[in-house]
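Okay, so here's the structure we're looking at.
A quick note: this is a predicted structure, and the numbers were derived from the prediction, not measured. Reckoned from all heavy atoms, side chains included, excluding hydrogens, waters and symmetry mates. Protein chains get the first letters and strands the later ones, always in sequence-line order, with residue 1 at the start of each.
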Protein chains: 2
Amino acid sequence: MYQAFMNLTEEKRQAIINAALREFSLNNYATASTNKIVSNANISKGILYHYFGSKKNLYLFLYDYTTTKFSVALNRQIDLAEPDIFKRYEQIMKIKIDLMKQYHALFDFLKKAYAETSSEVRDELNHYNAAFQKNAYVTAFEGIDTSLFRENLDIKKAIDTIQWVTDGISHRYEERLKAHVDNQELFNELIEQCMEEASEYFLFLKTLLYQ
Amino acid sequence: MYQAFMNLTEEKRQAIINAALREFSLNNYATASTNKIVSNANISKGILYHYFGSKKNLYLFLYDYTTTKFSVALNRQIDLAEPDIFKRYEQIMKIKIDLMKQYHALFDFLKKAYAETSSEVRDELNHYNAAFQKNAYVTAFEGIDTSLFRENLDIKKAIDTIQWVTDGISHRYEERLKAHVDNQELFNELIEQCMEEASEYFLFLKTLLYQ
DNA sequence: AATCACATTGACCACAGTAGTCAATTTCTA
DNA sequence: TAGAAATTGACTACTGTGGTCAATGTGATT
């Protein structure tokens with residue numbers, strides 16, 4: 001599938017993928033512009049349609065590509081022997097960050113795809129989605145040891161809280177990261193800061209939630 | 001300002017405001033369509049431009065209107081004598097919910113406006129924004145008693161955590177609320193559920209964070 | 001009843017931007 | 001050197017845009 005595109009050099013392929021992910025993460029499917037994608041990727045209109053045939057194919061390719069990338073990374077790098085939920089969260093953050101270094105807009109794209117309503121692609125998206133969600137995120141939290149929590153603690157609420165604090169920190173850095181996608185040094189520095197801040201909050205939560 | 005519009009009956013004025021808020025909360029400034037607004041508000045194109053003169057004026061009017069509504073509601077209804085941060089959060093949630101009953105898309109609109117980048121309106125937005133943020137949200141947390149927290153607790157982290165848990169719960173209900181904006185009964189039931197869930201999580205956090 | 005000011009309509013316009021095409025050109029391969 | 005494959009970008013038919021304006025409706029005042 002998409003042989004011609006896959007035969008491209010890694011560099012060129014990534015430029016195209018990143019331009020497309022960016023456009024589809026800033027706009028919904030209907031208003032995203034293939035003209036802008038080719039302009040940002042420095043390729044011609046014709047060649048994009050030579051590779052993908054249609055806007056719809058391009059979009060579905062991107063969805064498949066990103067969910068697969070994420071899912072494979074999770075399956076490969078998550079250490080299921082690690083029972084501490086905080087360390088597991090740190091692993092997940094690490095995986096996400098590594099992917100974002102290559103594909104800045106990957107998770108913005110997936111977030112947007114999750115909310116996509118265009119009838120042109122909604123059905124296919126749901127089809128992929130079911131498989132993706134089952135496969136990836138469930139296994140990412142397999143084998144967590146809940147006995148590490150204080151006794152009589154509402155574990156569901158505790159886990160929700162950890163999730164929401166993680167979200168909050170990510171959110172806090174999202175804007176700044178977006179503003180510096182082209183300055184690799186600053187970008188990496190911000191990521192370092194983000195991970196450190198997460199560690200501090202995890203330590204804070206650990207003293208509250210663990211025995 | 002906008003005299004003719006303000007002389008309308010409350011009902012008609014609200015229908016127009018709600019149609020516009022909805023359109024601007026689903027799309028950014030550039031892609032939001034005045035045609036869709038007039039169609040959803042059941043008014044003619046001409047009269048909208050008679051009231052507001054331009055899309056830009058309409059947008060800035062909405063921003064001014066919503067920030068003022070929110071800010072006035074906060075100032076009137078927040079009880080600054082209440083030192084418990086959890087009760088203060090419950091007050092704020094109550095205020096937001098009351099506003100959402102009238103203007104479903106109000107906070108979605110403000111969120112979108114916060115992220116708006118169109119050069120056509122960005123400057124004016126910043127101008128309003130500075131005044132709004134100073135006025136409203138700062139006073140909403142005035143006079144919180146931090147001595148209620150456990151000793152040696154990192155208070156900044158504690159407050160962040162409370163904020164993020166609140167966000168998390170709101171987020172959890174957002175989608176479902178959006179899906180039932182036209183079924184008032186179900187809408188109110190969901191709001192009830194949301195408030196109750198928030199109470200439970202606050203109780204959970206209180207046992208962790210308070211003396 | 002006649003007048004007049006204002007509210008309201010919606011067909012209409014010039015324009016901007018769209019997804020997709022294809023003849024022409026360049027580049028690669030053998 | 002020939003032929004295949006990659007690549008270009010001007011082009012098209014089309015959709016939808018913000019905004020206008022002559023025409024009509026409405027309600028109050030004389």
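Here the P atom of nucleotide D/dA6 and the CZ atom of A/Phe52 are 14 Å apart, to the nearest Å. Atom CD1 in B/Ile16 sits roughly 12 Å away from atom C1' in C/dA7 (whole-Å rounding). A/Ile37 has its CD1 atom 16 Å from the P atom of C/dG17, to the nearest Å. Distance CD (A/Gln3) to P (D/dA4): 19 Å, rounded to an integer number of Å. Note: CG (B/Asn27) to C1' (D/dG18) measures 15 Å, nearest angstrom. Remark: P of D/dT7 and CG of A/Asn7 are 10 Å apart, rounded to the nearest angstrom. Following rounding to the nearest Å, B/Leu58 (CG) and D/dG18 (C1') show an atom-to-atom distance of 12 Å. Computed from coordinates, the B/Lys36 NZ to D/dG19 C1' distance equals 18 Å when rounded to whole Å.
B/Tyr173 and B/Glu197 are linked by a side-chain donor-acceptor pair at a separation below 3.5 angstrom, with hydrogens and angles left out of the test. Between B/Ser33 and B/Glu23, the side chains place no donor N or O within less than 3.5 Å of an acceptor N or O (distance only, hydrogens not considered). Judged purely by distance below 3.5 Å, without hydrogens or angles, the side chains of A/Asn35 and A/Lys45 pair a donor atom with an acceptor atom.
Regarding contacts with the backbone of D/dT7, every side-chain N or O of A/Ser44 stays at 4.0 angstrom or more from both OP1 and OP2. Side-chain N/O atoms of A/His50 include none lying less than 4.0 angstrom from OP1 or OP2 on D/dT7. Remark: B/Lys12 is in phosphate contact with C/dT8, judged by side-chain N or O atoms under 4.0 Å from OP1 or OP2. Under 4.0 angstrom from either OP1 or OP2 of D/dC21 there lies no side-chain N or O belonging to B/Tyr49.
Counting non-hydrogen atoms under 4.0 angstrom, B/Ala32 reaches the backbone sugars and phosphates but no base. Contacts of A/Tyr51 with the nucleic acid, taken as non-hydrogen atoms under 4.0 Å apart, involve only primed sugar atoms and P, OP1 or OP2.
Residue A/Lys45 places no side-chain atom within donor-acceptor reach of the base of D/dA10, judged by atom type and a 3.5 Å distance cut-off alone.
Residue whose closest nucleotide on DNA chain C sits further toward the 5' end, between B/Asn42 and A/Ser33: B/Asn42. Heavy-atom distances to DNA chain C give each of A/Asn35 and A/Gly53 a nearest nucleotide, and the one nearer the 5′ end belongs to A/Asn35.
B/Lys101 approaches B/His104 most closely through the heavy-atom pair O-NE2, 3.9 Å.
For B/Ile43, counting side-chain heavy atoms from C-beta on, the closest listed nucleotide (C/dT9, D/dT17, C/dA19) is C/dT9. When each of D/dG18, C/dA19, D/dA6 is scored by its nearest atom to the side-chain atoms of A/Thr34, the top-ranked nucleotide is C/dA19.
Between the side chain of B/Arg122 and the backbone N or O of B/Thr117 there is no donor-acceptor pair closer than 3.5 Å.
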